[in-house]
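Side chains included, hydrogens not; waters and symmetry mates left out as well; all remaining heavy atoms used.
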Amino acid sequence: MARRYDCSDAADRKTGLREAASAVRRGELVVLPTDTVYGIGADAFADEAVAALLDAKGRGRSMPTPVLIGSPNTLHGLVKDLSEEAWELIDAFWPGALTVVATHQPSLTWDLGETRGTVAVRMPLHPVALELLKEVGPMAVSSANLTGHPAPQDCDAAQEMLGESVSVYLDGGPTPAAVPSSIVDITGRTPVLLREGAVTAEQLREVAGGLEVAS
């Protein structure tokens with residue numbers, strides 16, 4: 001039976017984070033708040049858990065799962081060949097609503113879907129998410145909705161869609177906005193904006209003047 005914890009209550013939050021961390025380590029799914037929308041997450045290195053995440057959403061492998069991390073330093077072990085402009089973007093907008101697509105380290109054996117050697121990574125600006133990520137490490141996290149439905153801004157909406165497929169729900173209250181993160185491809189020397197979201201192209205260009213926009 002799914003368990004839900006009110007993170008506005010200090011004791012419930014502490015218990016919820018402990019239970020969520022245990023669930024992730026067991027290869028189970030959790031729902032957590034972020035600074036954009038609620039996400040459904042699993043251990044990024046547990047292939048069966050990531051597959052269960054995709055199944056819970058009704059999502060195919062052709063749409064691989066992004067990864068959330070709790071510190072920019074974690075990037076060094078996950079990706080390679082980042083340009084100076086890429087690091088400047090990360091320094092400017094992390095934690096926050098910027099997802100970067102980078103070439104992952106060839107030594108990693110994770111299976112996030114059909115990634116073609118890349119991974120989409122973000123460090124969210126939400127205390128509950130950051131606490132969990134710092135406890136369990138990188139998590140595969142996608143919006144906590146059934147494919148084709150709106151991404152949820154509160155725990156009720158996420159639980160209504162995902163039900164018992166999730167072991168632990170962390171209720172952090174309503175998210176600030178339904179605007180998704182912006183996605184920038186940093187696999188090459190020139191950053192390319194793939195999706196404009198909470199961080200505008202103008203804001204990104206203030207840091208990376210050579211930013212291009214995908215057609």
Side-chain angles (χ1 to χ4, degrees), residues 1-59 61 63-79 94-95 99 102 104-113 115 119-146 151-152 155 158-159 161-173 175 181:
M1 182 176 179
R3 290 154 289 161
R4 177 166 166 170
Y5 298 91
D6 179 2
C7 293
S8 66
D9 177 88
D12 221 27
R13 172 172 167 160
K14 183 177 180 179
T15 302
L17 283 165
R18 184 179 67 244
E19 291 297 316
S22 296
V24 171
R25 295 187 184 106
R26 290 193 301 268
E28 298 171 3
L29 305 180
V30 302
V31 159
L32 63 154
T34 78
D35 49 334
T36 54
V37 296
Y38 271 74
I40 177 174
D43 181 348
F45 298 99
D47 295 350
E48 290 184 4
V50 176
L53 187 160
L54 294 174
D55 287 344
K57 285 177 58 73
R59 181 169 175 166
R61 287 176 50 79
M63 298 178 68
T65 307
V67 170
L68 295 188
I69 59 176
S71 167
N73 291 333
T74 307
L75 266 184
H76 294 289
L78 302 181
V79 305
W94 278 16
T99 297
H104 72 66
Q105 292 284 2
S107 59
L108 295 180
T109 57
W110 58 16
D111 184 3
L112 302 169
T115 64
V119 61
V121 190
R122 185 166 87 87
M123 180 183 176
L125 182 58
H126 195 288
V128 173
L130 289 174
E131 281 188 63
L132 181 59
L133 290 163
K134 287 174 181 176
E135 179 67 25
V136 302
M139 290 180 64
V141 179
S142 182
S143 55
N145 60 298
L146 297 175
C155 199
Q159 192 165 8
M161 284 186 278
L162 299 174
E164 296 299 315
S165 64
V166 171
S167 294
V168 175
Y169 288 85
L170 297 176
D171 183 357
T175 60
S181 65

Point to revise | Whether Gln105 side chain and Leu78 backbone form a donor-acceptor pair below 3.5 Å | key: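 The answer is no, because no donor-acceptor pair under 3.5 Å joins these two groups.
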
Check your understanding: Backbone N or O of Thr36 within a donor-acceptor pair of the Thr175 side chain at under 3.5 Å?
Key ->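 Flag set: sc Thr175 to bb Thr36 pair under 3.5 Å.
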
Review point. Excluding sequence neighbours, so at least two apart, what forms side-chain contact (heavy atoms from CB on, under 4.5 Å) with His126?
Key: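 By the side-chain contact (heavy atoms from CB on, under 4.5 Å) rule, His126 matches Pro33, Val128, Ala129.
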
Check your understanding: Mind checking what makes side-chain contact (heavy atoms from CB on, under 4.5 Å) contact with Val31, not counting sequence neighbours?
Key ->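 Listed in chain order: Tyr38, Ile40, Ala144, Ala158, Leu162, Val166, Tyr169.
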
Closest heavy-atom contact between [X] and [Y]?
| X | Y | value |
| --- | --- | --- |
| Pro124 | Asp35 | CB-OD1, 3.5 Å |
| Leu170 | Ala20 | CD1-CB, 3.9 Å |
| Trp94 | Arg122 | CZ2-CA, 3.7 Å |
| Val141 | Gly41 | CG2-CA, 3.9 Å |
| Ala23 | Val168 | CB-CG2, 4.1 Å |
| Pro152 | Val37 | O-CB, 3.3 Å |

**Study point:** Distance in Å, Ser143 OG paired with Lys57 NZ, rounded so as to fall on 0.5 Å steps
**Key:**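 Going from OG on Ser143 over to NZ on Lys57, the span is 3.5 Å.
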
Practice item. Measure the spacing between CG of Leu146 and CZ of Arg59 and express it to the nearest 0.5 Å. Key: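 The CZ atom of Arg59 is 12.5 Å from CG of Leu146, to the nearest 0.5 Å.
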
May I have the list of side-chain donor-acceptor pairs in residues 64-77 shorter than 3.5 Å, sequence neighbours left out?
{"residue": "Ser71", "atom": "OG", "partner": "Asn73", "partner atom": "N", "Å": "3.2"}
{"residue": "Thr74", "atom": "OG1", "partner": "Ser71", "partner atom": "O", "Å": "3.2"}

Point to revise | Intermediate values then yes/no, side chain to side chain contact (heavy atoms under 4.5 Å, CB included), Met139 and Val30 | key: CA-CA 10 Å; Met139 290 180 64; Val30 302; 3.7 Å; yes

Under 3.5 Å, which donor-acceptor pairs link side chains of residues 42-56 to any protein atom two or more places apart or in another chain?
{"residue": "Asp43", "atom": "OD1", "partner": "Phe45", "partner atom": "N", "Å": "2.9"}
{"residue": "Asp47", "atom": "OD1", "partner": "Asp111", "partner atom": "N", "Å": "3.2"}

Kindly write out the residues that satisfy side-chain hydrogen bond (donor to acceptor under 3.5 Å, both in side chains) with [X], not counting sequence neighbours, or none if the list is empty.
| X | value |
| --- | --- |
| Thr99 | Ser181 |
| Glu19 | Arg3 |
| Arg4 | Asp156, Gln159, Asp171 |
| Asp6 | Ser8 |

In a table with atom names and distances, give each donor-acceptor pair under 3.5 Å that connects a side chain of residues 131-138 to protein atoms at least two apart or in another chain.
{"residue": "Glu131", "atom": "OE2", "partner": "Arg13", "partner atom": "NE", "Å": "3.2"}
{"residue": "Glu131", "atom": "OE2", "partner": "Arg13", "partner atom": "NH2", "Å": "2.2"}
{"residue": "Glu135", "atom": "OE2", "partner": "Arg25", "partner atom": "NH2", "Å": "2.7"}

Practice item. Among residues two or more places apart or on two chains, list those pairs meeting ring-ring contact (aromatic ring centres under 6.0 Å, His included) that have a residue in residues 2-33. Key: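 Qualifying pairs: none.
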
